[in-house]
Asks: 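Quick one: the structure is below, and I'll ask about it shortly.
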Amino acid sequence: MLNIVLFGPPGAGKGTQSQKLIARYNLVHLSTGDLLRSQITQGTELGLRAKKLMDEGLLVPDEVVIGMIESQLANNTTAAGFIFDGFPRTVPQAQSLDALTQRYDTGVSCMIALEVAEEELVKRLLERGKTSGRPDDQNEEKIRKRVKVYNTETAQVAGYYAEQQKFHSLNGIGVIDDIFGQICGIIDRHQPASSVASNPAAATDEVKA
Ligand code: ADP
């Protein structure tokens, strides 16, 4: 399986690149933000609790998002792989993702981080807020809070994958298709062992089935 973690601060372009990646690699897109917003729309108790935190730019508790990912993996056992977008956002979430994917004899292939400076993020998110209807995109103070939460709580997840030689980062400012091309270049170096079987030299220690 090909399991990609797309990483970066809010507004870095993870959603845009995810849409292009699922089409190219036939992967299932798992965005914890989208899953949470769907719970809000359905008016579930989980959604109601999450909404308060999301509107404030705070993270929802690890066990909530881990539980959602666990059931999504169980519902998609025949998938060619996954794009994780907005997850993991904390080290315990990253550890859980390793444990959950191991159940299916797979693991995270690589993490790709999109780097974008705060002022550009604020500009992009305020622009998105004009049409997205997302309360967390419509207020500069809340946007800056989300960036701060990313820098203080989430950025350390990069170190978790760097220790496993799975971390890559790219400049997230530029032409969307150019950035996509660079992401594909990284992914193609991490193709799972099954798809490089005819070329064993292409398989490396860091590639997991
Ligand atoms: P963005 O990356 O633009 O902030 P997301 O849609 O990924 O947007 O997330 C929106 C909000 O949902 C976050 O600010 C947070 O409150 C919550 N959320 C999403 N994913 C997670 C996660 N993995 N852990 C905790 N909270 C999350």
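Order of appearance sets the numbers: ligands from 1, and atoms from 1 within every ligand.
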Asks: Judging by distance only, is a nitrogen or oxygen of Arg146 under 3.5 angstrom from one on ligand 1?
Replies: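 For ligand 1, there is an N or O atom that lies under 3.5 Å from one belonging to Arg146.
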Asks: Which bit of Leu59 gets closer than 4.0 Å to ligand 1, counting heavy atoms only: side chain, backbone, both or neither?
Replies: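 The answer is both, backbone and side chain.
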Asks: Does Lys20 have any side chain to side chain contact (heavy atoms under 4.5 Å, CB included) partners at least two apart in sequence or in another chain, and if so, which?
Replies: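 Result, side chain to side chain contact (heavy atoms under 4.5 Å, CB included) vs Lys20: Gln17, Ile176, Asp177, Phe180.
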Asks: CD1 of Ile183 to CZ of Arg24: how many Å apart, nearest 0.5 Å?
Replies: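 So the gap between those two atoms works out to 10.5 Å.
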Asks: Could you walk me through whether Asp62 and Gln93 pass side-chain hydrogen bond (donor to acceptor under 3.5 Å, both in side chains), step by step?
Replies: CA-CA 6 Å; Asp62 285 341; Gln93 290 180 23; 2.8 Å; yes
Asks: Looking only at protein heavy atoms, identify the closest one to atom 18 (N) of ligand 1 and say how far it is in Å.
Replies: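 So the nearest neighbour among protein heavy atoms is Leu36 CD1, 3.5 Å.
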Asks: Output the list of atoms in ligand 1 that are nearer than 4.0 Å to some heavy atom of Pro10, sorted by atom number.
Replies: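 Under 4.0 Å from Pro10, ligand 1 has these atoms: 1 (P), 2 (O), 3 (O), 4 (O).
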Asks: By number and element, which atoms of ligand 1 are closer than 4.0 Å to a non-hydrogen atom of Leu58?
Replies: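 Listed by number with element: 15 (C), 16 (O).
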Asks: May I ask you to check whether Thr32 has an N/O atom sitting below 3.5 Å from an N/O atom of ligand 1?
Replies: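 Yes, at least one N or O pair falls under 3.5 Å.
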Asks: Any N/O of Arg37 closer than 3.5 Å to an N/O of ligand 1?
Replies: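 Yes, since at least one N or O of Arg37 sits under 3.5 Å from an N or O of ligand 1.
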Asks: Under 4.0 Å from a heavy atom of Gln93: which atoms of ligand 1 are those, numbered in the order shown and with their elements?
Replies: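 Taking each heavy atom of Gln93 in turn, ligand 1 has 22 (C), 23 (N), 24 (N), 25 (C) under 4.0 Å.
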Asks: Nearest protein heavy-atom contact for atom 10 (C) of ligand 1: which residue, which atom, what distance?
Replies: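 Protein heavy atom at minimum distance: Arg134 NH2, 3.6 Å.
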Asks: Can you pull out the closest protein heavy atom to atom 13 (C) of ligand 1? Residue, atom name and distance to 0.1 Å, please.
Replies: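 For this ligand atom, the closest protein heavy atom is Arg89 NH2, 3.8 Å.
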Asks: Using the ring of each side chain (for Trp, its six-membered ring), is Tyr150 parallel, tilted or perpendicular to Phe7, with breaks at 30° and 60°?
Replies: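 Tilted, since the angle between the ring planes falls between 30° and 60°.
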Asks: Regarding atom 3 (O) of ligand 1: of the candidates Arg128, Lys52, Lys14, which has the closest heavy atom?
Replies: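 The nearest heavy atom belongs to Arg128.
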Asks: As an exercise, state the distance from CD1 of Ile22 to CD1 of Ile4, rounded to the nearest 0.5 Å.
Replies: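 Output value for this atom pair is 13.0 Å.
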Asks: May I ask you to check if ligand 1 and Val60 share an N or O to N or O distance below 3.5 Å?
Replies: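 N/O-N/O distance under 3.5 Å: yes.
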Asks: Minimum heavy-atom separation for Ala50 and Leu36, please, with both atom names.
Replies: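 Closest heavy-atom pair between Ala50 and Leu36: CB-CD2, 3.9 Å.
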Asks: Go through the side-chain N and O atoms of Tyr104 and Asn3 and say whether any donor and acceptor fall under 3.5 Å apart.
Replies: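 Per modelled atom types, Tyr104 and Asn3 side chains form no pair under 3.5 Å.
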Asks: Do Glu153 and Thr90 pair up side chain to side chain, a donor and an acceptor below 3.5 Å, judged on atom types alone?
Replies: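 There is no such pair between these side chains.
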Asks: N/O to N/O below 3.5 Å, does that happen between Asp136 and ligand 1?
Replies: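 Such a contact does not occur with ligand 1.
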Asks: Pull out every atom of ligand 1 sitting under 4.0 Å from any heavy atom of Gly86, numbered as shown with elements.
Replies: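 Result: 20 (N), 21 (C), 22 (C), 23 (N).
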Asks: Please write down residue, atom name and distance for the protein heavy atom closest to atom 12 (O) of ligand 1.
Replies: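 So the nearest neighbour among protein heavy atoms is Met54 CE, 3.3 Å.
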Asks: Partners of Ser38 by side chain to side chain contact (heavy atoms under 4.5 Å, CB included), sequence neighbours excluded?
Replies: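 Listed in chain order: Gln42.
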Asks: Between Arg146 and Glu141, is there a side-chain N and carboxylate O pair less than 4.0 Å apart?
Replies: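 Looking at Arg146 and Glu141, the cut-off is not met.
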